[in-house]
Structure formats: structure tokens, C-alpha cells
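What follows is a set of notes on a single structure, which appears directly below.
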Amino acid sequence: MGDSQPWTAAPSAAEHARSVLAAAWSCAVTAEGGREEFVGAHTVTEDGRVTLDVPEDSPLATAAICAPRGEPSAVLEFADVAPVPVRSRIRARLWIAGRLVPADGKLEFEPTRVVLRRPSGAVVVDLDEFAAAVPDPLATAEARLLTHLADCHPDAVERLTRLVDPDSLYGAVRVQPLAVDRHGLTLRIERARAHGDVRLPFHAPADDVARLTERMHVLLTQASAASCPRALQRQRADGDG
């Protein structure tokens, strides 16, 4: 996508759900045979269908064979975990209900319902929109990008707080990068007994890491031109005392 094309400031629910699915390395599966946790056992097709490679003696295989035809037989759960240590690290949860169908020694999952739960609440994602959505281009690189920003450039994170409303920083004890996608960067502001998130939108979408670098440079340039938030200044003064 060219920089001159229109874009939105946040991913849609379907795009967010597909991004969670693309980045997830593990999943939990609940069926009549019980609940099992799998790591590195699932693959995802371009239209969002999941295939599970489970042991032959797994109760899931038996549940898939014995499930009544045409009825949902399982629920897959994926957790979107913040790569940087923060409070409440689960950023979202994705549940996909449907049928497990044995095929070529694996279990193919046919979804019948998709639910994405974010801090703002749960939303049912349309199946056609889910199949057609494309994961965020930064989804699989996000963990590396955020940990690098937090570990190697804490000064840049602090500078970005100049773009945040001072009222949102009142009482802040720590600010960490929480999430990044092609549309913007989200900061987690932690206080003594609470926390909140602030989103800094990019001026144009970042469809790859090179463009993300440029978008971050623009934000940092804007931050350098802004004054230091009074609330953060008070926090520093209190800490220095």
C-alpha cells in the first residue's frame, strides 16, 4: 500500500483477530475429551483456517471422530501476550468455535464462530471478514521490535511521553511500549495501583520494518519539539528527592 492511500488509525476486529492468530505459538483446545495445551502444533492457512498436528493417542482425535456430524466439537483459544513485562500482559484473547475434522493424520478445524476479547470488550467477528482479513504485516516481528525498543532505547520511550496528555501521565511510575502495528504505537502507563494505555498513531501506515523505522522517527521528532509533560516532571522531582 502506498503512503498516499487512505488508511484507518487502528486495525479492525477481523484484522486484530488474524494478527493474534498469526503471531500465536501456542493454543488451548477444549473438547469433549477435555482441555489440552499445545505448543508449536498448529498452522494457519491464508484464509485463517487452523490445522492441528496432535499425537495419535490425543483425546482430541477421539473427540473429533465421535462428535455428531455438523455440530461444533471444540473451541480453540489463543492469547495475545505483551512481549514486554507489564501489568496485565494479556492484551487480547481469541476464541474460535467449530468442528475438528480428521484429515491426513491431522485435525483440520472448521470455524463456526469467532470471538475476540479486548480490554474494550468482546466482539463477534464475522466469519467472512475473518477469512478475508490479512494479519498485520508487523505481527510476527512485533515481539522483537518492542523488546528492542524497551531494552535498548528507554530514552526514546521517555521522549515519546511528551506526545501524551499530561493528565494521563499524572502519578506515572513507569511507561513501557505495549503494542505496535502498522497503524501506531501503544504505550502502557503504569501508576502505583492502576495503569492505562495511550495510542500514538502514525501519520501513514507502516507496512514493513523499514517504514516503521521512518514512522517512529517522525514521532520522535514531534516529541523532541514538544515540552516535557508537567506530570512527568513532578514524578521525576519526587523520585529525585
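Along the sequence shown, residues carry numbers from 1. Since the structure is predicted, the reported quantities are computational estimates derived from the model, not experimental observations.
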| message | How about CZ on Arg199, more than 12 heavy atoms from neighbouring residues, nucleotides or ligands closer than 6.0 Å, or not? | response | yes

Please answer: with hydrophobic residues joined when any side-chain heavy atoms are less than 4.5 Å apart, are Leu100 and Val75 in the same cluster? no

Hey, are the side chains of Glu36 and Leu60 touching, using non-hydrogen atoms and a 4.5 Å cut-off? yes

When rounded to the nearest 0.5 Å, the distance separating CG of Leu52 from CD of Glu108 is 10.0 Å

- Task: Indicate yes or no: at least one non-hydrogen side-chain atom of Arg188 is less than 4.5 angstrom from one of His195.
- Result: yes

Could you go through the side chain to side chain contact (heavy atoms under 4.5 Å, CB included) check for Val115 and Val125 one step at a time?
CA-CA 6 Å; Val115 177; Val125 182; over 6 Å; no

Within the structure provided, determine whether Leu107 and Val101 are in side-chain contact (heavy-atom separation under 4.5 Å). no

Margin query: Within the structure provided, determine whether Arg118 and His16 are in side-chain contact (heavy-atom separation under 4.5 Å).
Written below: yes

For Leu169 and Thr161, the nearest pair of non-hydrogen atoms, with its separation, is CD1-O, 3.5 Å

Q: Verify whether the ring centers belonging to His42 and Phe109 lie closer than 6.0 Å.
A: no

For Arg215 and Pro205 the tightest heavy-atom approach is NH2-O, 2.8 Å

Arg174 and Val86 have their tightest heavy-atom pair at NH2-CA, 3.8 Å

Hey, does Thr186 have a side-chain heavy atom less than 4.5 Å from the side chain of Val180? no

Value for CG (Asp53) from OG1 (Thr43), rounded to nearest 0.5 Å, stands at 8.0 Å

Closest heavy-atom pair, Leu160 versus Ala223, reported as atoms and distance to 0.1 Å, is CA-CB, 4.1 Å

Check your understanding: So Ile189 and Val164, side chain to side chain contact (heavy atoms under 4.5 Å, CB included) or not? Walk me through it.
Key -> CA-CA 10 Å; Ile189 301 172; Val164 177; 4.0 Å; yes

| So, Asp136 side chain and Asp181 main chain: donor-acceptor pair closer than 3.5 Å or not? | no

**Study point:** Same apolar cluster (I L V M F W Y, side chains within < 4.5 Å links), Phe202/Val157
**Key:** yes

Note: Leu127 and Pro111 closest approach over all heavy atoms is CD1-O, 4.0 Å

Step-by-step side chain to side chain contact (heavy atoms under 4.5 Å, CB included) determination, Leu146 to Leu185: CA-CA 10 Å; Leu146 288 182; Leu185 173 72; 4.1 Å; yes

- Item | Pair Asp47 + Arg18, salt bridge at N-O below 4.0 Å | no

Value for CZ (Arg182) from CG (Asp208), rounded to nearest 0.5 Å, stands at 10.5 Å

ask   = Is there a path from Val198 to Leu220 through hydrophobic residues (I, L, V, M, F, W, Y) whose side chains come within less than 4.5 Å of each other?
value = yes

Self-check item: Pairwise side-chain contact, Val124 with Val114, heavy-atom cut-off 4.5 Å (strictly under)
Solution: no

The reported gap from SG in Cys27 to CZ in Phe78 (rounded to nearest 0.5 angstrom) is 4.5 Å

In a table with atom names and distances, give each donor-acceptor pair under 3.5 Å that connects a side chain of residues 87-98 to protein atoms at least two apart or in another chain.
residue: Arg87; atom: NH1; partner: Arg191; partner atom: O; Å: 2.6
residue: Arg87; atom: NH1; partner: Ala194; partner atom: O; Å: 2.7
residue: Arg87; atom: NH2; partner: Arg191; partner atom: O; Å: 2.5
residue: Arg87; atom: NH2; partner: Ala192; partner atom: O; Å: 3.3
residue: Arg89; atom: NE; partner: Ala82; partner atom: O; Å: 3.1
residue: Arg89; atom: NH2; partner: Ala82; partner atom: O; Å: 2.7
residue: Arg89; atom: NH2; partner: Pro83; partner atom: O; Å: 3.3
residue: Arg91; atom: NE; partner: Asp80; partner atom: OD1; Å: 3.3
residue: Arg91; atom: NE; partner: Asp80; partner atom: OD2; Å: 3.4
residue: Arg91; atom: NH1; partner: Glu142; partner atom: OE2; Å: 2.9
residue: Arg91; atom: NH1; partner: Leu178; partner atom: O; Å: 2.7
residue: Arg91; atom: NH2; partner: Asp80; partner atom: OD1; Å: 2.7
residue: Arg91; atom: NH2; partner: Glu142; partner atom: OE1; Å: 2.9
residue: Arg93; atom: NH1; partner: Glu77; partner atom: OE2; Å: 3.0
residue: Trp95; atom: NE1; partner: Glu77; partner atom: OE1; Å: 3.4

(message) Asp155 vs Glu158, test: side chain to side chain contact (heavy atoms under 4.5 Å, CB included). Steps then yes/no.
(response) CA-CA 5 Å; Asp155 56 327; Glu158 181 176 329; 5.6 Å; no

Residues at least two apart in sequence or cross-chain that pass ring-ring contact (aromatic ring centres under 6.0 Å, His included) with His217, listed by chain then number, are none

Notebook entry, point to check: Is the closest side-chain heavy-atom distance between Glu15 and Val134 below 4.5 Å?
Noted result: no

### Task
Examine the side chains of Arg159 and Ser224 and answer whether a donor and an acceptor come within less than 3.5 Å of each other.
yes

Are Leu212 and Leu145 side-chain neighbours, meaning at least one heavy-atom pair lies under 4.5 Å?
yes

d(Gln176 CD, Asp197 CG) to nearest 0.5 Å is 12.0 Å

Scanning both residues in full, the closest heavy-atom pair of Ala17 with Phe130 reads CB-CE1, 3.9 Å

**Q.** CG (Asp151) with more than 12 external heavy atoms under 6.0 Å
**A.** yes

Here the gap from His148 atom NE2 to His153 atom NE2, rounded to the nearest 0.5 Å, amounts to 3.0 Å

Margin query: With a 4.5 Å cut-off on side-chain heavy-atom distances among I, L, V, M, F, W and Y, is there a chain of contacts connecting Met216 to Val209?
Written below: yes

Neighbour count above 12 (heavy atom, 6.0 Å) for Glu46 CD
no

